[in-house]
*Asks:* 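Take this structure first; my questions come after.
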Amino acid sequence: MRSAVVAGDALYYRYPGSVAADDVLHGASLAVAAGEIVLVRGHSGSGKTTLLSVLAGLLSPARGTVTVTGTDLGALDRGARARLRLAKVGFVFQRFQLIAALRARENVELVLRAGGVAPRDARRRSLETLDALGLGAKAERYPRELSGGEQQRVAIARALAKCPAVIFADEPTSSLDSSSGAEATALLCALARGNGAAVVIASHDERIAPFVDRIVSVADGRCG
Amino acid sequence: MRTLALRYVFEDVPRLVASLAGIAFAVALVLVQTGIYSGFVRSTTLLVDNSEADLWVASRAMSYLEITLPVPYSWVARIGALDGVQHAEPLVLRSAIWQSSDGTLDYIRVIGFEPAGSSLRLGVSPAALTAMRHGDVATDAAQLASLHAAGVGARGTIHGLPARVAVLTQASQPIISPTFLYASLDSAVAWAPLSLNEIMDGQHGSGTPLNYVLVRVRTPGSVNAVRAAIERALPSARAFPREEMAAITRTFWVERTKIGFLLLLGASLGVFVGGIVVAQILYASVNEHLREYGTLKALGIGDRALYGAIALQALTLAVLGYIPGLAIGIGVAAAAAAGRGTPIEITPSGAVLAFAVALLTCIAAAFVAVQRAVRVDPALAFGA
Ligand SMILES: Nc1ncnc2c1ncn2[C@@H]1O[C@H](COP(=O)(O)OP(=O)(O)O)[C@@H](O)[C@H]1O
Ligand SMILES: [Mg+2]
């Protein structure tokens with residue numbers, strides 16, 4: 001197997017204030033290679049979101065290690081983890097979490113600019129990515145002027161534009177009722193594959209299964 | 001991030017207006033308070049500043065401009081005869097009571113001088129002053145109300161003797177002093193003879209006892225030499241260069257009235273209130289966008305970028321609030337000058353200070369608010 005872009009090994013995680021029996025992650029391990037697309041399945045409350053958060057460095061595991069592009073997150077402080085995320089990690093959040101005060105294009109530009117891309121290049125890449133997702137004509141709209149499906153595609157563009165090493169997508173279809181969510185996810189998979197990015201999707205949506213390389217199930221805080 | 005920071009500032013107009021009002025309030029207060037301070041401080045030395053005398057000769061015992069012991073009239077001639085002296089003139093400062101024609105009383109300070117060749121500049125032509133006759137007074141236009149005088153020609157009595165307003169002067173009335181009436185030496189002495197105490201304490205010889213002898217030197221560089229010559233010739237005299245005389249008087253009033261402290265207190269309260277308003281508003285704005293800050297942090301945007309964004313918001317608010325604040329301050333100063341003749345001096349340094357205060361207030365307020373944004377948990381972004 002190719003070397004893993006993101007790897008979690010024997011992860012334990014418990015939310016603050018809960019007891020040992022409530023360990024959400026209980027020795028979970030997952031490694032994803034460059035260009036590989038993995039679907040993490042599991043019933044609601046099984047710990048999918050928690051696993052993604054730990055792998056992305058948003059939560060620190062009680063035990064176990066996470067490496068992203070070979071860097072051990074446990075060895076980094078908060079600021080360094082943030083810089084690593086900015087440089088290497090793309091996110092598609094369950095509720096998209098677009099910034100309401102920014103236009104679609106500006107939402108995408110924001111992470112590029114924060115990552116040090118020059119304004120002109122950031123604008124160009126932002127427009128290209130939105131174009132690739134079929135949103136070229138709506139790049140100047142604010143999130144509230146877009147449908148849910150369109151917002152999701154802006155969120156996907158935001159994750160893809162910086163060509164990250166890994167993209168985490170949490171329930172990308174769950175806030176959309178039509179089939180557009182699954183279509184957009186398929187598009188995400190195709191574009192990420194083209195970039196050679198690893199993708200980890202947490203979802204129980206069966207329609208996503210055909211687009212992924214591997215499916216893992218989460219149960220009892222472990223991946224199977 | 002800069003775009004976003006500015007969008008956050010401008011997205012909520014009522015909130016923006018409220019914070020600008022808070023800043024403008026603080027700025028205007030600082031401007032007005034520093035303006036009152038400089039106006040007051042400058043006004044305490046108005047008489048000194050209005051004279052072109054190089055040296056003020058007084059009794060050794062002088063405490064400040066308005067409290068000194070009399071010196072003999074003969075000093076005028078003795079000082080005038082010294083090398084390097086171009087002109088020596090007498091000045092008396094007496095307290096008295098003016099009674100207007102309708103019987104109203106006003107506490108006055110009579111400044112007696114010899115208009116011909118005098119170094120006093122009162123904002124009117126010297127000819128108008130030399131044309132004054134016995135019993136005529138010159139006074140600041142702003143004091144007419146206090147004297148119950150309708151204008152030039154108004155009559156009253158001082159110490160039972162007739163007096164008449166003959167000339168209206170400009171910028172010649174200190175804020176906290178009684179009404180200044182400028183008159184010829186003879187009139188002044190007739191209206192307000194020295195008290196017995198003053199005569200007993202003074203070591204004067206013959207002639208009218210004076211308070212000061214004002215001296216102009218022949219060559220500008222010779223002030224110190226002439227000063228030494230005067231103090232040598234008259235051991236009981238002290239000669240103060242104009243700036244030193246002004247400084248002594250200024251210091252006396254500043255310390256005596258604690259005005260600096262009082263105004264500082266007022267200004268601080270204003271700044272404090274303005275700062276609370278701005279902090280409260282920025283905090284509300286951060287709170288409203290907490291989830292978005294969480295998203296930004298999850299995306300990997302660091303604390304430094306957040307601090308930068310909030311600092312930009314603070315700077316924007318400071319600049320936008322400063323402009324109306326400056327306008328209000330200048331407006332208040334103009335209104336005060338027109339209404340009561342009270343000088344509120346908006347100085348460039350006061351304006352710079354007010355901007356610095358606005359900026360620091362906004363930064364402090366932003367710093368308080370940003371703590372909330374920095375502490376937000378980035379894992380919030382994944383939450384449903
Ligand atoms: N912030 C939190 N504090 C405490 N418990 C939490 C928190 N978030 C999730 N949990 C709990 O952790 C478990 C796993 O949640 P999650 O990872 O969100 O599951 P999934 O994404 O598979 O639905 C659930 O039992 C949930 O109640
Ligand atoms: Mg979940």
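In what follows, chains are A, B, ... by sequence order, proteins preceding strands, each numbered from 1.
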*Asks:* Can you confirm whether more than 12 heavy atoms, excluding those of Phe272(B), are under 6.0 Å from its CZ atom?
*Replies:* no

*Asks:* Near Gln280(B) CD, under 6.0 Å, is it more than 12 heavy atoms from other residues, nucleotides or ligands?
*Replies:* no

*Asks:* Rounded at 0.5 Å granularity, tell me how far CZ in Phe93(A) sits from CZ in Arg291(B).
*Replies:* 10.5 Å

*Asks:* With only heavy atoms counted, which part of Gln97(A) is less than 4.5 Å from chain B, the side chain, the backbone, both or neither?
*Replies:* both

*Asks:* Are there over 12 heavy-atom neighbours, none belonging to Arg256(B), within less than 6.0 Å of that residue's CZ?
*Replies:* no

*Asks:* Please classify the contact between Lys162(A) and chain B as side chain, backbone, both or neither, with a heavy-atom cut-off of under 4.5 Å.
*Replies:* side chain

*Asks:* So what's closer than 4.5 Å to chain B heavy atoms on Ala100(A): side chain, backbone, both or neither?
*Replies:* both

*Asks:* Can you tell me how far the CZ atom of Phe96(A) sits from the OG1 atom of Thr295(B), to the nearest 0.5 Å?
*Replies:* 13.0 Å

*Asks:* Search all heavy atoms of Tyr8(B) against all heavy atoms of Ala101(A) and return the closest pair with its distance.
*Replies:* CE2-CB, 4.2 Å

*Asks:* Check whether more than 12 heavy atoms from other residues, nucleotides or ligands sit under 6.0 Å from atom CZ of Arg42(B), and answer yes or no.
*Replies:* no

*Asks:* What option among Arg113(A), Arg81(A), Arg83(A), Arg158(A) has the most heavy-atom pairs under 4.5 Å with chain B?
*Replies:* Arg158(A)

*Asks:* Identify the residues of residues 38-55 of chain A whose heavy atoms come closer than 4.5 Å to a heavy atom of chain B, ordered by number, or report 'none'.
*Replies:* Thr49(A), Leu52(A), Ser53(A)

*Asks:* Can you tell which part of Ala305(B) gets under 4.5 Å to a heavy atom of chain A, answering side chain, backbone, both or neither?
*Replies:* neither

*Asks:* Between Arg2(B) and chain A, which part of the residue has a heavy atom less than 4.5 Å away: side chain, backbone, both or neither?
*Replies:* side chain

*Asks:* Measuring heavy-atom distances to chain A, does Glu11(B) have an atom under 4.5 Å in its side chain, in its backbone, in both, or in neither?
*Replies:* side chain

*Asks:* Looking at Ile99(A), Leu98(A), Leu110(A), which has the largest count of heavy-atom pairs under 4.5 Å with chain B?
*Replies:* Ile99(A)

*Asks:* Among Asp170(A), Leu86(A), Val89(A), who wins on heavy-atom pairs under 4.5 Å with chain B?
*Replies:* Leu86(A)

*Asks:* Nearest heavy-atom pair of Gln94(A) and Phe382(B): which atoms, and what distance?
*Replies:* OE1-O, 4.3 Å

*Asks:* Between Leu59(A) and chain B, with a heavy-atom cut-off of 4.5 Å, which part of the residue counts as in contact: side chain, backbone, both or neither?
*Replies:* side chain

*Asks:* Hey, what do you get for NZ (Lys297(B)) to CZ (Arg78(A)), rounding to the nearest 0.5 Å?
*Replies:* 4.5 Å

